[in-house]
Amino acid sequence: MEYQCFDNRELSWLKFNARVLEEAEDAANPFCERLSFASIFQSNLDEFFGVRVGSLYDQMLVSGEIRDNKTNMTCQEQLYAVFDQVRLLTQRKDAVYAALDRGLEERGINIVRYGEMDAQDTEFLDAYFEHEVRPLLAPQVVGRKQPFPFLRNKAIYAVVILSAKKSGKSTKAAKNDKTGKGEKLGIIPCSIDVLPRLVRMPQHPNRYMLMEELILHYVAQIFTHFEVKSKSLIRVLRNADIDPDEEMYDDDMDFRQVMEQLVSKRRRLCPIKLEYSREMDDSVIALLCKYLKLKKNYVFRSTSPLDVSFFSQLRDVLRGEKELFYPKYTPQLPEDYDRRRTMTEMIGEKDRFLFFPYESIDPFLKLLMEAATDPEVVSVKMTLYRVANDSKVVEALIRAAENGKQVDVLVELRARFDEENNIEWSRRLEDAGCSVLYGLDQLKVHSKLCLITRKKDDRISYITQIGTGNYNEKTSRLYTDFSLMTAHQGIGEEANEVFTRMYLGEVMEETKYFMVAPKCLRSKILDKIDIQIARARNGQSAYVGAKMNSLTDKVIIEKLIEASCAGVRIELVVRGACCLIAGVPGKTENVAIRSIVGRYLEHSRIYLFGEEDPEVYIASADFMTRNTTRRVEVATPVFDEDIKGRVIRIFRVLMADNVKARMQLADGTYTHVKSGEEPLNAQEYFVETGNR
């Protein structure tokens, strides 16, 4: 069988989310962690529809001839292929929910419907609905004077088909009929912020009913002038693919105001997916599609709850049963960390390295706090993409500004779904006296770069921090990332130049140490792969290793294929979408690709070039076109031999994982790595050793 070397980005991403769902299926995982994976699967899929499906939909409206540059599929072909896969995934998700529901019952927790209640429960629910729920409902019968309502993104609604009770009003009702069967459509919002999603039965503390199921049960008491013919629950996802539009720019409006308008606009973008539970007549689905301006392909039925975010509440109920969770792990301080010394002293002596979440972010926070009060520090420069809600990083920057330091912060307001948070942080930083920039025209600033400038006896020196992940204390405990801190003067000078270029609205054209997108990251990667190709053709050992979230950049992919054909050994750890297919005879037979989905989200990026003594880089950039050509990204070389060896060992352990790793096959599918060797779960290994 002949295989292709390229996979479609969207279909490859769905394979990744299937791997997340596998973790919810896996009985070897602690039960409450399986609940988490089910929730992550859903939130991933919601974002995928809002962003990726929304983008394909927009492109299709612009031109039906736009094609994927790897598989030559049109936008419509990609959408239909996505929908086919999502229907299969939805069936798997429903089966997973049924298994998890049984698991909850085994642990004494019941999610029930009204018919499964006993007399005490039904008596409570009757009173609860009448006094607590009904007064807050806003039911609507769609007709000439009651237009179809706006359905909020991700909110759940009860939809009922109504027919007039036998009376003189039936003729009038028939005039307003939208279904063609003498029937009308009733809609009730079920996502009410002041009401709990899970209604607990007082007589049975671990018995719950979902609020939407409760409302759906009592619809006959709401639409008293009608007979309820059928009922269901629906949930709409809206397009979330927003980008600043030049038409929105105004001489009197700064970029922050533009982003505020765009975030507001997102809430009302067009529907991109309709989900429903229970059976619904085709005529009703057609009517909903008409109102929502959706084709039937965009409609999906699920037998499980339309939103399983309530699993987090049930995890809290089970919190006392430790065996149902991953063993608690507290990030450790590095072995070479000395509490008695300043970070400035330690970094001046030797480069320092943090490996999250196995090691604590505290040393970096200490560095920032020191900079805020150190009289020799004259400025702090930093890029912020996503920060924690209660950010100690921002607190340190504010303190530095209040102490008279020059603090320049580039806050990327276009960090998707973090726009509102970043807008608020930018205000607070400005109020404290920081100089705040919002990013570059047409380019997101995604680099993780911090530069502390010191002056002593007229001598300027730098401490530079370069990371693979956001300056976010919360995700530093959940995502695997690297943070390198160095006093290397050349690195500091180049970091300063990166900031200067950004402040001038420009990008780096040439670099000595860093790789900096968009102008000199991809080109340098290609050059380094070419060196390995030349080595292979000369009969020398040749190797490329890389770890990233996604691999979609066609130019880099084609270079990797060329390298494989030349005999370069290539090892890749790609957690998410991967458009390169390994193991294709005559093309990528020298490529091995692994994906690891486990307790922590694999987020660090590593680039390795060479076999015996490889060049080692850590980076903020994936091998994705958006990272390599449309963002400001920074990759830094690792010079310290100890840290360099550590990064290489981390990569080797990840490639050796035979518990959570899946290997990609030549047909583009993934299967768990099977090995007769002793089981190795890379993340558990790092928990136990920290790779020290």
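Throughout, numbering of the chain's residues begins at 1 and tracks the sequence. Computed from a predicted model, the values in this text were never measured in an experiment.
Here the CD1 atom belonging to I40 is positioned 9.5 Å from the CG atom belonging to N17, to the nearest 0.5 angstrom. Atom CG of D622 sits about 11.0 Å away from atom SG of C578, to the nearest 0.5 Å. Between the SG atom in C579 and the CD1 atom in I581 there is a gap of 9.0 Å [rounded to 0.5 Å]. Here L449 contributes atom CG and L410 contributes atom CG; the two are 10.5 Å apart, rounded to the nearest 0.5 Å.
In this structure, the side chains of N658 and K674 stay at 4.5 Å or more apart for every pair of heavy atoms. The shortest distance between side-chain heavy atoms of R605 and F623 does not fall below 4.5 Å. For the pair L56/V53, no side-chain contact is recorded, criterion being any heavy-atom separation below 4.5 Å from C-beta on.
For the salt bridge (charged side-chain N to carboxylate O under 4.0 Å, His left out) test with D640, the passing option among R646, R352, K350 is K350; the others fail.
Taking the six-membered ring for Trp and the full ring otherwise, the centers of F41 and F48 sit at least 6.0 Å from each other. Aromatic pair F355/F686: centroids less than 6.0 angstrom apart. Taking the six-membered ring for Trp and the full ring otherwise, F356 and Y600 have centroids separated by 6.0 Å or more. In summary, the aromatic rings of F482 and F353 are positioned with their centroids under 6.0 Å apart.
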Going through the distances and angles, do S360 and Q332 end up as a side-chain hydrogen bond (donor to acceptor under 3.5 Å, both in side chains)? CA-CA 5 Å; S360 172; Q332 304 297 301; over 6 Å; no

Test salt bridge (Lys or Arg N to Asp or Glu O under 4.0 Å) on K547 and E602; report intermediate values, then the result. CA-CA 9 Å; K547 177 181 183 292; E602 289 292 339; 3.1 Å; yes

Please evaluate residues D657 and R594 with respect to the criterion salt bridge (Lys or Arg N to Asp or Glu O under 4.0 Å), reporting the C-alpha separation (whole Å), side-chain torsions for both, the decisive distance (0.1 Å), and the verdict. CA-CA 9 Å; D657 188 309; R594 300 286 188 271; over 6 Å; no

Kindly determine whether N29 and K660 satisfy side-chain hydrogen bond (donor to acceptor under 3.5 Å, both in side chains), including the steps that lead there. CA-CA 11 Å; N29 287 326; K660 290 301 181 183; 2.9 Å; yes

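Sorted by first and then second residue, the salt bridge (charged side-chain N to carboxylate O under 4.0 Å, His left out) pairs with a member in residues 571-582 read R569-E571, E571-R652; sequence neighbours excluded.
There is no side-chain donor-acceptor pair under 3.5 Å between S604 and D481.
Within a 6.0 Å radius of OH in Y337, other residues, nucleotides and ligands contribute more than 12 heavy atoms.
The shortest non-hydrogen separation linking S564 to E589 is OG-N, 3.6 Å.
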